[in-house]
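For reference, the structure discussed in these notes is given below.
Basis for what follows: all heavy atoms, side chains included, without hydrogens, waters or symmetry-related copies. Chain letters run A, B, ... following the sequence lines, proteins first and then strands; every chain starts at 1.
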Amino acid sequence: MGFPVVGAGRFHSLLWKTPVEREIESELDFHLEMRVRDYVERGMAPEAARAAALARLGNLDRVRVECRRLGRLRDRDLRRAERFAELRQDLRLACRRHLASPVFASLSIVTLALALAAATVAFAACDALVFGPLLFPAPDRLVRLREIDSQGNDLAVSRLDYLDWRQSGESLVALAALLPARRGLTLPNGERVVGVEATASLFSVLGLHAARGALLSTADERRGRPHDAVVLSDRLWRRLGGDPDLLGQMLSLDGRPYRVRGVLPAAVAFPPGVDLWVPLLLDLGPARQPSRDRHDLAVVGRLRPRVGPAAAARGLARLASPATPGSGQRGGVRVTPLADWVVGEGPRVRVLLALGAALLLGLLAGCCIVNLLISRAEGRQRELALRAALGASRGRILRQLTTEGALLALLAAALALPFATAALELVRTRFAELANAAGTAGMAGRGLATSFAAARLAGLAWNDRVAGFFAVAAAAAALAVGLVPALAATRGRRPSLGRRHLRDVLVVTEIAVATTLLVGSGLTARSYLRLRTADPGFAAVSLVTAELDLTGERFPPAVRRTLSPALEARLARVPGVRAVGSTSFAPWSGKRTDPPFLVTWRPPGQPVRTLAAEWRSVSPGFFPTLGIPLLAGRLPRVDTANTPDTPEIEIAVDRTLARRWWPAGGALGERLELGNPGRPVRVVGIVGAIADVSLDTAPRPTVFLPYPRRPWRTLTLVAQAAGDPTRVARAVRREITAFDPDLPLVDVGPLARNRTAALAAPRASLLVLVLFAILALALAGIGVYDLLAAGVDERTPEIAVRMALGAPPRGVLRLVLYRGLLLAGFGLGLGLIAAAWLARFLPTILYATSPTDVLSYVIPALLLVGMALAAGLLPARRATRITPAAVLKGP
Amino acid sequence: MSKEALALLPGTLDALILKTLSRGARHGYAIARWLEEATDDALQIEEGSLYPALYRMEKRGWIESDWGLSELNRKVKFYNLTAAGKSQLEIETANWKQFNRAVSKVLLPA
């Protein structure tokens with residue numbers, strides 16, 4: 001039922017309300033009395049008349065109870081109707097006021113809606129990457145463990161250390177070790193499925209249970225079983241037909257049979273993107289005792305309750321000290337949240353930055369609207385006083401004014417809803433493209449993390465938490481924009497000091513927030529521009545790459561060794577190919593040496609020195625194809641290096657490594673040891689440094705080995721195209737397929753594609769920040785203008801007196817502009833401090849740009865001062881045109 | 001009183017009250033008296049049931065009440081028809097006509 005139609009009389013009865021009980025009694029009493037009177041008039045005796053009257057009324061108790069119930073319901077309805085009528089009246093008044101100044105109203109609504117939508121989308125992204133569950137129970141207890149060498153370089157974990165940790169029970173409830181699987185699965189369409197070897201404890205550490213069948217058990221870790229078990233991801237199981245009978249069946253991984261043990265729940269995988277898990281055999285057998293210096297395991301663990309990562313790192317490092325020889329190069333243990341590995345620090349920082357920026361913009365928009373509402377209420381003090389005089393309580397007036405602001409916020413929320421939905425859709429489609437482009441990646445941290453983030457963002461949508469955030473944000477905006485101006489306006493009749501202070505504080509806040517956003521966008525812009533023009537150290541523009549995955553029995557090292565020159569020879573004949581080479585990691589695929597490779601130098605008569613380096617195994621054609629300059633010496637010879645018996649391998653090192661140890665030159669001919677245990681090598685050449693991991697990864701010290709010496713599984717052919725790289729890429733693919741249609745070709749394409757993908761995230765961050773900063777600057781400008789204009793209005797008599805006493809127009813101009821600059825100065829100071837503090841969180845996403853980059857602070861400061869002057873000019877000019885005589889004479 | 005009093009058909013009390021109030025504001029007792037006189041006391045109304053009916057109709061917004069002075073200068077509640085009450089009266093009247101015609105057709109064939 002709707003609300004009853006109400007007339008004024010009903011309110012009146014409510015205002016002078018008699019309790020329901022008294023109302024009923026009085027009615028019934030009156031009725032009885034009148035009836036008795038009538039009977040007596042007709043000649044009945046009073047006693048008899050009373051009895052007859054009572055009888056005629058019937059069961060009085062029942063009537064009372066019924067009337068009381070109905071009366072209460074009636075009063076409740078009335079109160080509700082009254083409140084509703086008041087609200088309708090307030091809304092009508094609010095609408096009328098907003099319609100009277102449509103520009104202000106629509107600008108406020110659109111700005112607030114933009115901020116609200118932006119914050120919602122940013123929150124959704126943070127929810128997907130940072131706040132949201134990592135799909136594992138109690139994810140904050142999950143950590144990644146690494147060892148570090150004496151120079152603080154990250155190392156993987158050695159098996160013996162892993163076993164020591166596991167046995168000690170120090171700091172961790174459980175821990176698990178992983179290795180990239182040596183065998184994989186090639187699907188009928190040629191797609192390669194990535195797997196890992198993992199200890200059985202991996203699933204208990206992560207808190208995962210099988211959706212079908214069972215997971216790995218400790219029994220699987222024993223050597224000499226007839227068949228190893230394999231656990232599949234839900235995705236892979238479905239790709240293989242999704243047949244429950246697959247459990248217990250044999251599955252051939254690169255020619256070796258494995259028994260399918262179980263399937264994980266949907267959408268759960270660790271490491272992300274991995275689709276099959278086989279047991280990791282820690283016991284290498286009696287013949288091969290592992291060395292404590294052989295670092296190859298990736299280790300994850302679950303912390304004990306109330307133990308932090310830092311405490312765990314200290315505890316585990318203490319274990320090492322009494323231990324065993326060979327710990328000379330160990331510097332300790334690094335324990336980091338698992339989320340850093342899964343999500344990656346860059347994406348985390350980027351989404352948090354977006355959320356921070358959106359919230360700041362929301363704060364700014366809120367301040368600006370509150371400020372303008374207060375300013376506009378200043379002219380209504382007479383109206384409010386009149387209403388108060390006519391009997392409206394302060395509460396009633398407060399409610400009316402609150403409705404005005406809240407209406408703006410609620411309309412903004414209504415508009416923000418489609419905005420946010422559209423923006424979520426945009427993000428979803430953009431990242432779906434990126435996630436597809438990123439494709440599959442191995443265990444190498446960075447590329448994987450990026451594609452994980454892209455995959456998560458590609459699934460961005462409204463959910464309970466996002467909707468909850470939106471509701472809370474909209475309610476907060478409605479409350480702030482509604483209540484603050486209303487409270488300020490009802491606090492006194494005259495333009496009070498408190499109100500003026502509040503307005504000053506609001507404008508200073510606006511400027512401070514605008515400054516912060518401008519500095520943020522400045523830093524991001526500098527970083528982006530540097531990244532765009534970054535020189536990776538090689539000719540990337542017309543490069544075509546073709547990545548092969550030579551995992552498995554079909555491609556033993558001897559086959560890989562011959563495959564590389566054979567393919568190079570074929571590709572060199574492809575029209576449009578100017579030069580061909582091969583390397584172990586596809587450039588800009590995010591793949592890198594993880595863990596880093598240990599390089600040892602034993603200078604005679606000096607302490608041993610080590611550093612963590614990248615390695616690439618490359619063919620001689622690699623350097624000319626990529627245009628990498630040979631700075632000194634010569635390239636490693638393939639023929640000598642080709643014989644596995646060569647006692648000393650010839651290598652080239654990049655300039656970064658050479659500079660590190662031989663800043664004055666002299667690396668040529670030096671003897672080094674590579675890896676653990678060290679293999680002797682000799683430096684025969686120094687080449688230019690290249691950023692081939694990704695566009696924004698600075699070159700690390702790199703060692704170039706001859707490909708035949710270390711024929712790596714991910715053989716990547718690189719070709720310099722003479723014409724259109726896309727066409728050449730197609731020709732290259734045809735040529736490789738013609739050579740051997742069964743070669744597991746992962747990806748063929750122009751390298752420029754990866755560059756676009758690498759620039760996408762920085763560009764998105766930049767676009768968001770610049771858009772916000774422009775809006776912020778405009779809003780702050782409006783705020784300053786309005787405050788100064790109000791100041792001029794308020795001080796018109798004072799200015800008139802000054803002018804009458806001989807103050808020149810320039811002086812009046814200065815008076816107004818000075819106030820604007822003062823406000824800008826305060827806001828600027830606060831904003832710069834806040835920006836400098838916030839910028840400390842940005843280095844991860846800043847490329848070759850310091851968080852204290854001077855230009856990024858100076859330009860916003862200049863912009864804001866200029867804005868304050870421009871905003872002040874109009875009111876200032878108006879002040880100079882005051883005619884003292886007219887003002888002083890009065891109307 | 002020789003005439004035998006008739007029991008009220010359920011649901012008709014509301015209509016009767018509405019009709020009573022269509023002549024102007026009245027207090028509860030006046031409504032009871034008017035019903036008595038208008039029907040020549042032919043209808044047996046338990047007067048107690050009048051008041052719950054009044055409260056119910058007030059809640060529904062058909063009538064509204066206000067305190068006023070009675071003929072004998074006592075403060076009493078007066079009931080008044082609202083616009084919604086007026087249209088409700090029309091509906092009830094039309095319903096009654098229809099009902100009456102239908103029942104008459106059966107009971108009093110021409």
Side-chain angles (χ1 to χ4, degrees), chain A residues 1-18 20-39 41-42 52-81, chain B residues 1 5 7-8 13-14 17 20-21 24-37 41 43-88:
Chain A
M1 126 190 174
F3 289 98
V5 180
V6 251
R10 305 192 78 182
F11 294 134
H12 181 65
S13 67
L14 261 183
L15 277 178
W16 313 100
K17 182 79 195 88
T18 325
V20 176
E21 288 80 4
R22 283 244 306 277
E23 185 184 337
I24 297 161
E25 284 315 310
S26 125
E27 265 190 302
L28 292 176
D29 283 353
F30 177 73
H31 187 109
L32 261 176
E33 210 176 297
M34 292 298 283
R35 180 60 79 193
V36 170
R37 244 176 106 95
D38 276 2
Y39 282 154
E41 268 176 17
R42 284 194 220 165
L54 271 172
R56 213 168 160 172
L57 261 174
N59 186 344
L60 259 184
D61 283 339
R62 219 186 55 214
V63 169
R64 276 198 197 99
V65 169
E66 187 63 9
C67 285
R68 215 173 290 152
R69 191 178 66 82
L70 288 165
R72 290 215 182 94
L73 286 175
R74 175 201 66 192
D75 289 354
R76 203 195 55 199
D77 282 2
L78 276 178
R79 266 193 301 275
R80 214 180 268 166
Chain B
M1 287 188 222
L8 197 61
L13 182 60
D14 286 5
I17 294 173
T20 313
L21 291 178
R26 276 164 219 275
H27 50 70
Y29 183 68
I31 296 171
R33 281 302 306 262
W34 192 86
L35 284 176
E36 231 175 283
E37 281 161 20
D41 231 352
L43 295 175
Q44 176 81 58
I45 298 172
E46 193 178 80
E47 288 183 351
S49 63
L50 188 64
Y51 289 92
L54 284 169
Y55 277 75
R56 197 179 312 116
M57 287 161 72
E58 196 179 359
K59 180 176 142 14
R60 284 183 186 161
W62 296 346
I63 58 176
E64 56 191 18
S65 65
D66 207 348
W67 293 91
L69 288 181
S70 77
E71 305 87 327
L72 300 166
N73 261 347
R74 276 201 46 185
K75 210 183 118 192
V76 287
K77 248 173 91 186
F78 280 86
Y79 292 93
N80 213 341
L81 211 55
T82 64
K86 277 183 193 129
S87 46
Q88 183 63 28

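Within the model, atoms NE2 of B/His27 and CZ of A/Phe30 stand 4.0 Å from one another, a figure rounded to the nearest 0.5 Å. Here the straight-line distance linking atom OG of B/Ser70 with atom CD of A/Glu33 works out to 9.0 Å at 0.5 Å rounding. Note: A/Glu66 CD to B/Ser49 OG = 10.5 Å, rounded to the nearest 0.5 Å. Taken from NZ in B/Lys77 to OG in A/Ser26, the straight-line distance is 8.0 Å, to the nearest 0.5 Å. Distance check: A/Asp77 CG to B/Arg60 CZ gives 11.5 Å after rounding to the nearest 0.5 Å. For the atom pair CZ (B/Arg74) and CG (A/Asp29), the distance works out to 7.0 Å, reported to the nearest 0.5 Å.
For chain B, the nearby parts of A/Leu73 are the backbone and the side chain; heavy atoms of each come within less than 4.5 Å. Contact annotation for A/Arg37: only side-chain heavy atoms (C-beta onward) come within less than 4.5 Å of a heavy atom of chain B. Proximity to chain B (any heavy atom under 4.5 Å) is restricted, for A/Leu28, to the side chain, taken from C-beta onward. For B/Arg56, the parts lying under 4.5 angstrom from a heavy atom of chain A are both the backbone and the side chain. With a 4.5 angstrom heavy-atom cutoff, A/Arg68 does not touch chain B via any of its atoms.
In terms of heavy-atom proximity, B/Pro52 sits nearest to A/Cys67 at N-SG, 3.4 Å.
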Between B/Tyr55 and A/Glu27, does a side chain to side chain contact (heavy atoms under 4.5 Å, CB included) hold up when you go through it step by step?
CA-CA 12 Å; B/Tyr55 277 75; A/Glu27 265 190 302; 3.0 Å; yes
Should B/Tyr51 and A/His31 be marked as a side chain to side chain contact (heavy atoms under 4.5 Å, CB included) after you check the CA-CA gap, both sets of side-chain angles, and the distance that decides it?
CA-CA 10 Å; B/Tyr51 289 92; A/His31 187 109; 2.7 Å; yes
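Under 4.0 Å is where a charged nitrogen must lie from a carboxylate oxygen, and between A/Arg56 and B/Glu36 at least one such pair does.
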